[in-house]
**Student:** 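Here you go, one structure.
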Amino acid sequence: MSIQREMALVALLDDITAVAAATDDLEEAARATLSAVCEVTGWPLGHLGVLAPDGEAFVSSGIWVGPIEDFPMLRQIAAATRFIAGTGVIGQVAATGQSVWSRDLTVDPLARHLLQGRDPGVRAAFAFPVIAVDGVAAVLQFFSRQVLPRDEPLLRVMAAIGYQLGRVADRRKLHTAVQAGRDRLRQIVDASVEGFISTDAAGHITEWNSAAERMFGRSRQQMLGRLVHETIVPERYRRADEAGRARFLATGQSNVLGRRLELAGAGADGSEFPIEIVVWATREADTWSFHAFVHDITERRRAEQALRQAYEAEQQTVARLKELDAAKDAFIATISHELRTPLTTLTGYLEIFSDADTGSFDVGQIRMLEAMTRNAARLQNLVEDLLAVSALAAGELTVRPAPVPVRQVLEEAVRTASAQARSSGHLIEVEIDAGVQSVTADRDLLVRAISALLSNAVKYSPIDTPIAVRASAQDGQAVITVVDHGVGIEAEELPRVFERFYRAPYAYDNAIQGVGLGLWLVKTIVEAHGGTVTAASTPGQGSTFTLRVPVAQGEGGA
């Protein structure tokens with residue numbers, strides 16, 4: 001090869017290298033290369049083959065350099081062919097990644113089956129690949145009318161050119177990927193429910209998403225390029241915003257970056273509204289940018305204000321209810337004490353009359369006397385219950401536990417309830433196992449609890465039905481049960497029978513006397529003794545109340 005041709009090829013390589021460095025468009029660089037190679041080498045026709053859209057073969061790009069109109073058959077064959085691996089010169093280059101030289105296409109096995117006896121008007125051909133990072137990106141092909149032998153120096157230069165053009169393909173792919181990433185990020189940011197704003201170092205707005213448009217009432221076109229502190233920052237904060245940005249640029253220190261802050265934003269009409277904002281900074285080369293996510297918290301502030309107002313109103317209601325409850329407890333305590341003295345006197349006189357010789361009374365008077373005695377006892381029990389409620393509400397219930405015989409407690413409780421039981425024809429049966437002797441309890445309170453259970457059984461049992469009270473010992477406790485054969489309790493009502501002032505619907509429907517304190521007092525008294533009380537019932541068949549309290553120390557149970 002002559003020195004002149006060698007220098008021409010070196011100059012060609014330099015020119016193509018310069019072209020490849022100046023563009024990211026592979027087709028533009030390939031077109032320039034085709035023209036330069038044809039001019040330097042004297043080969044009249046150049047062609048670019050590219051990957052098909054499916055990536056499975058190469059096809060003609062339609063880019064030709066030279067008088068392609070003089071070779072209609074060649075153009076037709078190229079346009080109609082998918083150059084799969086090993087098919088034609090382009091297919092061979094794509095398959096091997098190496099340059100290919102054909103001295104005469106009409107007899108070359110690579111091309112003969114494509115030509116099928118047709119005369120393309122050319123003879124010699126050579127082609128070289130554009131080598132990108134992920135393989136052959138394109139094939140440059142050249143044709144001559146003459147049969148020419150293989151030119152190794154030319155192919156070496158073409159191979160170097162192919163690698164230079166490969167860098168163009170790589171940059172293009174990288175640029176496409178980066179741009180796609182930016183587009184996806186922009187779509188994500190634009191779809192965000194929070195406003196996204198970016199500014200340059202001076203505070204000029206460079207990004208403004210759809211949420212920011214809705215939030216501040218200004219379009220992207222209106223905001224791009226404008227100073228952020230002159231548009232969405234309330235006037236009284238503008239100087240501080242500028243000073244903070246300048247301090248960060250000068251010292252790298254900031255009191256706001258990376259923190260979630262609640263501030264005020266300015267709408268298009270200048271009105272302010274509460275926002276939550278997070279600001280951060282990024283640096284590219286020597287340039288700082290600032291970015292922020294902004295959330296309108298107007299509704300949240302309204303909800304918080306409504307909650308505060310509701311809480312304050314609730315606190316006022318609670319305070320008022322406490323006052324009313326205290327007044328109610330004071331009233332109950334006062335009235336109960338006021339009623340206790342006259343009732344005690346009245347009950348005493350009635351007992352005198354009851355114990356006196358009734359021969360001077362006729363039958364009607366005796367019945368009136370019994371009714372008076374019975375109702376006076378009922379009122380006295382109600383007063384005692386109210387006094388107990390008052391004491392419990394004031395935290396003044398005092399339990400004085402001491403060993404007390406179970407038999408004595410049960411007998412006194414039965415005696416207390418006997419007047420009520422006799423008036424309704426109920427017989428109270430008492431059964432005490434030998435295994436239980438004494439319990440550790442406040443005698444008066446325990447009598448009150450058992451009496452209340454017996455009174456409850458009398459109220460809800462048909463006339464002349466028996467009521468049983470039994471005592472046994474079990475696991476260090478005295479187990480006292482009161483069993484009736486009354487109306488029973490519905491399953492959904494059982495969990496509430498020990499609530500204060502609770503009365504079952506049956507009590508209201510049948511005008512059964514009471515205020516709903518008896519069973520609550522039972523539960524309170526028993527729990528104050530470290531015991532428990534439970535209820536079991538079958539509607540229409542009766543109820544069983546079971547009370548458990550500790551036995552006296554030194555005694556056990558079966």
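Index from 1, following the sequence.
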**Student:** Is any side-chain heavy atom of T546 closer than 4.5 Å to one of V533?
**Tutor:** no

**Student:** Regarding E276 and R260, does a basic nitrogen lie under 4.0 Å from an acidic carboxylate oxygen?
**Tutor:** yes

**Student:** Taking atom CD1 of I77 and atom CG of L115, what is their separation to the nearest 0.5 Å?
**Tutor:** 5.0 Å

**Student:** When you measure from the side chain of R548 to the backbone of Q477, do you find a donor-acceptor pair of N or O atoms at a distance under 3.5 Å?
**Tutor:** no

**Student:** For the atom pair CD (Q98) and CD (Q92), what is the distance rounded to the nearest 0.5 Å?
**Tutor:** 10.0 Å

**Student:** Between the main-chain N or O of Q146 and the side-chain N or O of D104, is there a donor-acceptor pair closer than 3.5 Å?
**Tutor:** no

**Student:** With a 4.5 Å heavy-atom cut-off, do H291 and T206 have their side chains touching?
**Tutor:** no

**Student:** State the CG-NE2 distance between D108 and H113, to the nearest 0.5 angstrom.
**Tutor:** 10.5 Å

**Student:** Can you check whether G267's main-chain N or O pairs, donor with acceptor, with S271's side chain at less than 3.5 Å?
**Tutor:** no

**Student:** Are E152 and R150 close enough for a salt bridge, meaning some N to O gap below 4.0 Å?
**Tutor:** yes

**Student:** May I ask you to check whether over 12 heavy atoms, not counting those of E235, lie within 6.0 Å of atom CD?
**Tutor:** no

**Student:** Under 3.5 Å, side chain of T231 to main-chain N/O of L227, donor-acceptor pair present?
**Tutor:** yes

**Student:** Can you give me the closest heavy-atom contact between A85 and A95, atom names plus distance?
**Tutor:** CB-CB, 3.9 Å

**Student:** With side-chain hydrogen bond (donor to acceptor under 3.5 Å, both in side chains) as the test, would you mind laying out the steps for Q305 and R308 before giving the verdict?
**Tutor:** CA-CA 5 Å; Q305 179 64 22; R308 280 194 296 269; 2.8 Å; yes

**Student:** Give the minimum heavy-atom separation between V19 and A29, together with the two atoms involved.
**Tutor:** CG1-CA, 4.0 Å

**Student:** I'd like to check M158 versus L12 (side-chain heavy atoms, cut-off strictly below 4.5 Å). Are they in contact?
**Tutor:** yes

**Student:** Ignoring hydrogens, what is the shortest heavy-atom contact between C38 and G46? Give both atom names and the distance.
**Tutor:** SG-N, 3.8 Å

**Student:** Could you give me the CA-CA distance, side-chain angles and deciding distance for L547 and T532, then say whether side chain to side chain contact (heavy atoms under 4.5 Å, CB included) is met?
**Tutor:** CA-CA 6 Å; L547 183 154; T532 60; over 6 Å; no

**Student:** Whether the side chain of D170 engages the backbone of V133 through a donor-acceptor N/O pair (distance < 3.5 Å, no angle test) should be reported.
**Tutor:** yes

**Student:** Salt bridge (Lys or Arg N to Asp or Glu O under 4.0 Å) for R320 and E323? Distances and angles first, verdict last.
**Tutor:** CA-CA 5 Å; R320 180 58 180 159; E323 292 176 2; 3.2 Å; yes

**Student:** Closest heavy-atom contact between I489 and P539?
**Tutor:** O-CG, 3.5 Å

**Student:** CZ of R118: more than 12 outside heavy atoms within 6.0 angstrom?
**Tutor:** yes

**Student:** Taking E27 first and then R31, would you say they form a salt bridge - that is, a charged N and a carboxylate O separated by under 4.0 Å?
**Tutor:** no

**Student:** Heavy atoms, side chains only, cut-off 4.5 Å: are V136 and I131 in contact?
**Tutor:** yes

**Student:** Looking at D296 and R301, is any side-chain nitrogen of the basic one under 4.0 Å from a carboxylate oxygen of the acidic one?
**Tutor:** no

**Student:** Could you walk me through whether W208 and F196 satisfy the ring-ring contact (aromatic ring centres under 6.0 Å, His included) test, starting with their C-alpha distance in whole Å, then the side-chain angles of each, then the deciding distance to 0.1 Å, before giving a yes or no?
**Tutor:** CA-CA 6 Å; W208 184 267; F196 179 77; over 10 Å; no

**Student:** Hey, would you say the W280 and F290 ring centroids sit under 6.0 Å apart?
**Tutor:** no

**Student:** Within the 4.5 Å heavy-atom criterion, are V10 and L13 side-chain neighbours or not?
**Tutor:** no

**Student:** Is there a donor-acceptor contact under 3.5 Å from the side chain of E213 to the main chain of R220?
**Tutor:** yes

**Student:** Please work out whether the ring planes of F142 and F128 are parallel, tilted or perpendicular, with thresholds of 30° and 60°.
**Tutor:** parallel

**Student:** Does the pair T199 and H204 meet the rule for a side-chain hydrogen bond (donor to acceptor under 3.5 Å, both in side chains), with working shown?
**Tutor:** CA-CA 5 Å; T199 72; H204 296 96; over 6 Å; no

**Student:** Within this structure, what is the CD-CG distance for the pair E284 and D286, rounded to the nearest 0.5 Å?
**Tutor:** 11.5 Å

**Student:** Suppose the criterion is ring pair (Phe, Tyr, Trp, His ring centres under 6.0 Å): which pairs have a residue in residues 73-112, not counting sequence neighbours?
**Tutor:** W43-W101, W101-F126

**Student:** Charged N to carboxylate O below 4.0 Å: is that the case for E299 and R302?
**Tutor:** yes

**Student:** Can you sort out the partners of E28 under salt bridge (Lys or Arg N to Asp or Glu O under 4.0 Å), two or more places apart, ordered by chain and number?
**Tutor:** none

**Student:** Would H295 and I275 count as a side chain to side chain contact (heavy atoms under 4.5 Å, CB included) here? Give the steps.
**Tutor:** CA-CA 5 Å; H295 183 61; I275 61 173; over 6 Å; no

**Student:** Just so I know, are the side chains of I232 and V294 near enough to count as touching, which here means a heavy-atom distance under 4.5 Å?
**Tutor:** no

**Student:** Between E242 and R245, is the closest basic N to carboxylate O distance under 4.0 Å?
**Tutor:** no

**Student:** At their closest point, which heavy atom of S144 faces which heavy atom of P44, and how far apart are they?
**Tutor:** CA-CD, 4.0 Å

**Student:** Which value, rounded to the nearest 0.5 Å, describes the distance between T298 atom OG1 and E272 atom CD?
**Tutor:** 11.5 Å

**Student:** Decide yes or no for L9 and L154: does some side-chain heavy atom of the first lie under 4.5 Å from some side-chain heavy atom of the second?
**Tutor:** yes

**Student:** Is there a ring-ring contact (aromatic ring centres under 6.0 Å, His included) between W288 and F248? Walk through the geometry before answering.
**Tutor:** CA-CA 10 Å; W288 282 100; F248 173 77; 4.9 Å; yes

**Student:** Between Q141 and V93, is there a side-chain heavy-atom distance shorter than 4.5 Å?
**Tutor:** no

**Student:** Are D24 and R172 within salt-bridge range, i.e. N to O under 4.0 Å?
**Tutor:** no

**Student:** Any chance you could lay out the salt bridge (Lys or Arg N to Asp or Glu O under 4.0 Å) test for E230 and R226, step after step, and finish with the verdict?
**Tutor:** CA-CA 8 Å; E230 293 182 355; R226 298 186 65 181; over 6 Å; no

**Student:** Run the numbers on L105 and V89 for side chain to side chain contact (heavy atoms under 4.5 Å, CB included), then give the verdict.
**Tutor:** CA-CA 9 Å; L105 292 174; V89 172; 4.0 Å; yes

**Student:** Can any side-chain N or O of T23 pair as donor or acceptor with the backbone N or O of A20 at less than 3.5 Å?
**Tutor:** no

**Student:** Considering only distance and modelled atom types, tabulate donor-acceptor pairs under 3.5 Å from the side chains of residues 55-74, sequence neighbours left out.
**Tutor:**
unit_1: S60; atom_1: OG; unit_2: H47; atom_2: NE2; d: 2.8
unit_1: S60; atom_1: OG; unit_2: G62; atom_2: N; d: 3.1
unit_1: S61; atom_1: OG; unit_2: L48; atom_2: O; d: 2.7
unit_1: S61; atom_1: OG; unit_2: I63; atom_2: N; d: 3.1

**Student:** Once you round to the nearest 0.5 Å, how far does CG of L34 lie from CG of L140?
**Tutor:** 4.5 Å

**Student:** Please report the shortest heavy-atom distance between A137 and A132, naming the atom on each side.
**Tutor:** CB-CB, 4.1 Å

**Student:** Could you give me the CA-CA distance, side-chain angles and deciding distance for E262 and I297, then say whether side chain to side chain contact (heavy atoms under 4.5 Å, CB included) is met?
**Tutor:** CA-CA 9 Å; E262 291 189 7; I297 58 174; 3.9 Å; yes

